[in-house]
2 protein chains.
Amino acid sequence: MNTNKHIKSIPRMFEQVTQQIVDHIDSTPLEPGQKLPTERQLSELLQVSRSSVREGIKVLELLRFLESKQGEGTFVASPQPYIIPSRVINKRIPTLELDHYFQVAVMCAKTIVISFLKSEEFLPDHQERDSFWENFCQLVSSLGKEIPNPYFHSLWEESYQLLLANHFFEGKQQPFEWSELDTAIQKRDLQETIYLLDLLGIEGA
Amino acid sequence: MNTNKHIKSIPRMFEQVTQQIVDHIDSTPLEPGQKLPTERQLSELLQVSRSSVREGIKVLELLRFLESKQGEGTFVASPQPYIIPSRVINKRIPTLELDHYFQVAVMCAKTIVISFLKSEEFLPDHQERDSFWENFCQLVSSLGKEIPNPYFHSLWEESYQLLLANHFFEGKQQPFEWSELDTAIQKRDLQETIYLLDLLGIEGA
DNA sequence: GTCGATTTGTTCGTATGTATC
DNA sequence: TGATACATACGAACAAATCGA
């Protein structure tokens, strides 16, 4: 009987609070940077205790909807479109899962590079780095800022930073020379670029 | 002077608590489904108040690392690889941002379909639905479960569910007939399939 | 089915550290 | 320097849900 009870009855107080705080921001409306009512005002406004308000704020803070500073107040912030839960709390990731994240990152990289090559934008300046992966990541990050849809860049950054923090690229084999991809992009050779990028996603290490 | 002080002094209590709880899970180690020490035990173990423990748990709960049940306890859960902050709190999204999410979803869909077509798997059964988008989303969701890397499916689901909840597909124009894509995939025609999927990402509505 | 123990959910009062004026 | 406003943190108390005897 107990396993049958996944119906998720009433939402808990802190969930209602997060919802109501967000509704309050939307309906006021409050723009990023503006100050929220104090915790005590919120607890009175929403008719709940300060502790519940705090739990709600903590959650919205971790999701980057809010930012609170002791002695000043709580302010509206700008959340990212995607977040990786493990990255929020600096949790170490097993190698197998890192590979999965890597493939997602490569997918984003491919989309970013192709989108850029199809545009008329000039290539942004970039310094030559030591390793293949440093060059690659720096290129994708800079191109990601140039394309119309910023979410690809955000998703790439989130994944790539996770891989960096977990030392994924240290000892990671490179499937070809950096100069190959570099010249393909310089020449804006779409077909060759796609071919090379597809090589990244295949397990070669 | 004040703006110069971004040095992020000492981490706050609840941040330390989330970190320590995660470390505790990792080092014990606790598997999904297993029970965490009670809030009171944790507060004594970590030498902080129960309120702070609760704030940490609330955060980990929203990130799906934990699941608390009143009267039972707090249990280890399995987080998703990616989450959309707005989706966690059911926040409404402006149309412009929905378009960005849609393009990410299409990118995932493309990766999923291509990955499937390159495999030797049989097409899973699926019922014919009413609308183009219903058919499309159902197909991608079912194919996503068949491919080796589950993160593409997870990212697709997260994005697609967000679009659904915001009524994105209602009134969304279809760039071609469903039968075209359906037969291309049935025939495992990779080139034609890619061609059609690329049409989805272009603004045609 | 009831009772009691356990555990999370929620509230309140109080004290402390920090920023602003 | 002092006063005020605010977030941070703690602990005690009670409510509600769950489980087992």
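Chain naming here is simple, since letters A, B, ... match the order of the sequence lines and numbering starts at 1 in each.
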Let me know the distance between [atom1] of [X] and [atom2] of [N], rounded to the nearest Å.
X        : N       : atom1 : atom2 : value
Glu67(A) : dC6(D)  : CD    : C1'   : 16 Å
Glu39(B) : dT18(D) : CD    : P     : 16 Å
Phe75(B) : dA17(D) : CZ    : C1'   : 12 Å
Glu44(B) : dT7(C)  : CD    : P     : 13 Å
Gln41(A) : dC6(D)  : CD    : P     : 6 Å
Arg40(A) : dT11(C) : CZ    : P     : 15 Å
Ile57(A) : dT8(D)  : CD1   : P     : 8 Å

query = Counting only side-chain N and O atoms of Thr74(B), is one of them less than 4.0 Å from OP1 or OP2 of dT8(C)?
reply = yes

query = Any side-chain N or O of Lys58(A) less than 4.0 Å from the OP1 or OP2 oxygen of dT8(D)?
reply = yes

inquiry  = Show me the pairs that pass ring pair (Phe, Tyr, Trp, His ring centres under 6.0 Å) and involve residues 51-82 of chain B, at least two apart or across chains.
reply    =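 Of all non-adjacent pairs touching residues 51-82 of chain B, those that pass ring pair (Phe, Tyr, Trp, His ring centres under 6.0 Å) are Tyr101(A)-Tyr82(B).
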
inquiry  = Tell me which one of Asp23(A), Thr18(A), Val17(A) satisfies side-chain contact (heavy atoms from CB on, under 4.5 Å) with Ile21(A).
reply    =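 Passing option: Val17(A).
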
task = Examine the side chains of Glu157(A) and Ser141(A) and answer whether a donor and an acceptor come within less than 3.5 Å of each other.
result =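 Yes, side-chain donor-acceptor contact under 3.5 Å.
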
Residue whose closest nucleotide on DNA chain C lies nearer the 5' end, Leu36(B) versus Gln70(A) = Leu36(B)

Looking at [Y] and [X], is any side-chain nitrogen of the basic one under 4.0 Å from a carboxylate oxygen of the acidic one?
X         : Y         : answer
Asp198(A) : Lys110(A) : yes
Glu39(B)  : Arg50(B)  : yes
Asp26(A)  : Lys91(B)  : yes

Taking only N/O atoms, report every protein-nucleotides 3-6 of chain C pair under 3.5 Å with atom names and distance.
none

query = Does Pro150(B) reach the side chain of His100(A), with side-chain heavy atoms less than 4.5 Å apart?
reply =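 In short, these two side chains touch, coming nearer than 4.5 Å.
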
message = Just so I know, are the side chains of Asp182(B) and His126(B) near enough to count as touching, which here means a heavy-atom distance under 4.5 Å?
response = yes

key: Atom of Glu72(B), atom of Lys35(B) and distance for their closest heavy-atom approach   =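 Closest approach of Glu72(B) to Lys35(B), heavy atoms only: O-CE, 3.2 Å.
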
ask   = Does any residue of residues 47-55 of chain B have a heavy atom under 4.0 Å from DNA chain C, and if so, which ones, in number order?
value = Arg50(B), Arg54(B)

